[in-house]
Amino acid sequence: MNKAKGILLDADSVTGKENESIIRLYVKGEKGIEIFEERSFKPYFYVIVEDVRKAKKELMEREFEGKEEKIRILNAEEVKKKNAENVLKLSFNSTNELSEVREQVKEVEGVKERREYDIIFVKRYLIDKALEPMNYVEISYRKEGKKKVVEKIQKGKKEAGEEFKTEAIDLETFSLERFSDPRKDAILMISIASPKESLVVTTKKELKGRKGVKIVGNEKEMIEELKENIKEEGIEILVTYNGDTFDLPYLKERSRIMKTRFDIGIDGSEPQIRRKGLSNATRIKGIQHFDAYQLIRILSRFGIIDLVKYDLESVVEALYGEKKEKIKAEEITKIWESGKGLEKLVEYNREDSVFTLKIAMDYLPLFIELSKLVKQTLFEVNRIGASGLVESLLIDKGFEEDTLVPNKPNETEVKNRMMKTFKGGYVKEPTPGLHEEIAVLDFRSLHPSIMISHNVSPETLNCECCSKSKKNIAPTKDYFCSKKSGFLPSVQKELLERRKEIKKESKKLERKSEKYKLLDARQHALKIILNSFYGYLGYPRSRWYSIESAKAVTAWSRHYIRETIRKSEEDGFKAIYSDTDSCFIVIPKEKTAKNVNEFIKKVNAELPGEMELELEGIYKRGIFVTKKIGGAAAKKRYALIDGEGNLKIVGFEYVRRDWAVVAKETQKRVIELVLKEGKPEKAIEEVKEKIKRLREGKTPKKELVIYTQIKKPLSQYESIGPHVSAARKAIKKGKNLGIGSIIGYIVTKSGKSISDKAELEEFVKEGNYDADYYIEHQLVPAVIKIIQELGYGKEDLIHGGKQATLNAFK
DNA sequence: TAATTCGCTAGACCGA
DNA sequence: TCGGTCTAGCGAA
């Protein structure tokens, strides 16, 4: 018997000689990545039956229809599950046979329900064996020829924290049109960046001798060079920027054309392109393909980063403040053909992979932790959503607790669920105007803490055992069990406890230490998942959907925040605003921050379980404004300034990407001057100056761009907005734009409607903009509501005008 | 393939 | 040409 220990990087399944499904594990050991085969684990699913013995006999004797041969169930075994009776576990020779039978088994007499029939085989294996990707495994194996066959496997005792061999790549390609076509356009350069060094591989002899450049004879050798590099370096994580749809499929297709194979998979396979809706996911077997573009999209969705555009240049600038010049496709071709500027192109190519690697390295720890937590490969979590995370974790915990997992809803059910909506958080209309000494209180992890404290879960909802002695009643009148812990809240509780411990431990560490970074990534991963539970309850495709539970959560949230507001006023504070989990109170002259803390303490003493009110901060001044229409105060828009002069701007145009920089920056300046000094005269002067500059045609183009995303097929728009119009015009000029594209447009001088005037930024000459539009529709609206609160009006901006008489501070 | 609701605003669209 | 209504996008939590 042989033993091996290593980190589990990947797993897949293949078909053996007897058409049986075999799990393959890719394990990083001392000798590099090795493949182990698991032959004893069989695909299975469950059925709930009327009579175990009868059903078992019937199922075992039955011949099911297969594509070629008849199918027999390998084994039907009775299993005990805590949340179901009469459960049979049906095992199969292969996943294909399982797929065939899971349809036909519905017709078998005595079979009431099918369960867990759509869990991916590999995922099933990892759950059942309690194995975590990106963590250690210990294997006992035997050799069969060249193959290593698993006898026994278990999770390693040691926790992996080490670095993975990571490398980023990037291609430059030839293109006569706007987009390169791998069927005819060659790869010109490939850059490879590792944490230590970078290399650009190309065929241009002129670049010979340049540092960090390798010249090869032709394109085929270029690809060979990359392949060799990946193999020799033993790369475990290969990073790209949009390699899912561009780099990897391109390399694969070019290889095919050159009669070679881009066989970088550990098993000798080429990257596999999986269609995923409108885009691709490209997987390399045994190596984790980490697409930094996918990463950025997920981080944006989870609200971890906030970006205007997702191209590498914008991301680098937003994350690192470094300006990275973009070389456009046609220029690349020009440089290549003329030979002028090749050095620049080399460095551009190099930078792309260097920055791609940097982005990935910053967030890899977080995603490695997510991967371990939900038992999905890094490749999968790199492309997952909030529901995927929760579902994956819950399926795993369900197995741990010996319960059957609920099925996914069918499409009819999904449609039904989509018709139902529920009430969300409470938003209090703010008191408009300027305020001083504002304390912002908020509930720490409001939704998870409600779920835990009130035991909210689909199976504790209106439980049988508490029907007489309901204690835990939601404001919706539904109640939750007071005797048994619910499944969802117990999982949440476990995550919360782990997070608390980690946070405690990391407090003792240096912020720059490796251990701190690891723990911080882990607590962050836990937080992301914790916060996704509530949304998952109300998500129509959820396996644990329970709209009553979701309703109860939000009803409780409204209850607690309203109570907090009430109590604060009772204590002599003035509550000026509140949104879902936060409450803004003005500290009156006779009170201090100490009183605020006492108040919080008092509230906390009355809150149940995990619920906790916290002091988010104390601000020197703040402003709320009235809405454009109706005269009421605007919710979800405010600005605060703290004692150090730090601004916090929320909801205003300043934080929105669909406003021009000239309007956003001016608005920020106005807010700053108003909040810092309380005197807006200077602000007004600055606005006038900006207006003057706009009138004179001197405002630079980059301050005028408005970004808006195309969110559906361009043909499906009922109302043709400026971004759609600009996109359509740009397509006629050969641009490739569509769903998901972020359109940066400028309102030019030519045209009738705003849409007519909108043109893609890159087609607009400096100075060609509609000054009236930018004054009337951008600058003025962005600042008017703020200065109005101080008694000024539009006439003060446009003309030299009268001065305001009102004093804003009363 | 896909977490939720609440809220603001712009600009097109459409009928008078 | 005006004003109300609807579509659309983005942000807060």
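All values below were derived from every heavy atom in this structure, side-chain atoms included, with hydrogens, water molecules and symmetry-related copies excluded. Proteins get letters first, then strands, A, B, ... in listed order; numbering begins at 1 in each.
Aromatic rings from A:Tyr745 and A:Tyr707 are positioned such that their centres are separated by 6.0 Å or more.
Note: CH2 (A:Trp659) to C1' (C:dA8) measures 15 Å, nearest angstrom. Distance, A:Ile742 CD1 to C:dG9 P: 12 Å, rounded to whole Å. Atom OH in A:Tyr745 sits about 15 Å away from atom P in C:dA8, given to the nearest Å. Distance A:Lys428 NZ to C:dA13 P: 16 Å, rounded to the nearest Å. Distance A:Glu653 CD to C:dA12 C1': 14 Å, rounded to the nearest Å. Atom CD of A:Gln709 is separated from atom C1' of C:dT7 by 16 Å (rounded to the nearest Å). Distance A:Leu307 CG to C:dC10 P: 13 Å, rounded to the nearest Å. The CZ atom of A:Phe302 sits 18 Å away from the P atom of C:dG11 (whole-angstrom rounding).
Contact annotation: A:Lys711 side-chain N/O to C:dC10 OP1/OP2 distance is under 4.0 Å. Residue A:Tyr638 has a polar side-chain atom (N or O) positioned under 4.0 Å from OP1 or OP2 of C:dA13.
Heavy atoms of A:Gly535 sit under 4.0 angstrom from at least one base atom. Across all strands, A:Ser532 comes closer than 4.0 Å to no nucleic acid atom at all (heavy-atom distances). Within 4.0 Å (heavy atoms only), A:Tyr773 reaches sugar-phosphate atoms of the nucleic acid but no base atom. If you check every strand for non-hydrogen atoms under 4.0 Å, A:Phe533 touches nothing. In this structure, A:His447 reaches neither bases nor backbone, as no heavy-atom distance under 4.0 Å exists between it and the strands shown. If you check every strand for non-hydrogen atoms under 4.0 Å, A:Tyr577 touches nothing. Using a 4.0 Å heavy-atom criterion, one finds that A:Tyr717 contacts the sugar-phosphate atoms exclusively. Residue A:Thr554 is out of contact with every strand shown, counting any heavy-atom pair closer than 4.0 Å.
Residue order along DNA chain B, read from the 5' end via each residue's closest nucleotide, puts A:Lys785 first among A:Glu718 and A:Lys785.
The cationic atom of A:Lys397 (NZ for Lys, CZ for Arg) does not lie both less than 6.0 Å from the six-membered ring centre of A:Phe487 and within 45° of the ring axis.
With 3.5 Å as the limit, one finds a donor-acceptor pair spanning the side chains of A:His289 and A:Thr240.
With respect to A:Arg444 and A:Glu612, a salt bridge is recorded, a charged nitrogen being found less than 4.0 Å from a carboxylate O. A salt bridge is defined here as a Lys NZ or Arg NE, NH1 or NH2 lying under 4.0 Å from an Asp or Glu carboxylate O, and A:Asp396 with A:Arg124 fails to meet this definition. A:Arg417 has a carboxylate O that lies under 4.0 Å from a charged side-chain N of A:Glu413, or vice versa, which qualifies the two as a salt bridge.
Straight-line distance between the C1' atoms of C:dA12 and B:dA3: roughly 16 Å, to the nearest whole Å.
You won't find any donor-acceptor pair under 3.5 Å spanning the side chain of A:Arg657 and the base of C:dC10, going by distance alone.
Interface limits on DNA chain B: the 5'-most and 3'-most nucleotides within less than 4.0 Å of chain A heavy atoms are B:dT1 to B:dC13.
Between A:Phe480 and A:Trp556, the two ring planes are tilted [angle within 30° to 60°]. Ring-plane geometry between A:Tyr293 and A:Tyr241 is classed as perpendicular, the angle between the planes exceeding 60 degrees on a 0 to 90 degree scale with a lower cut at 30.
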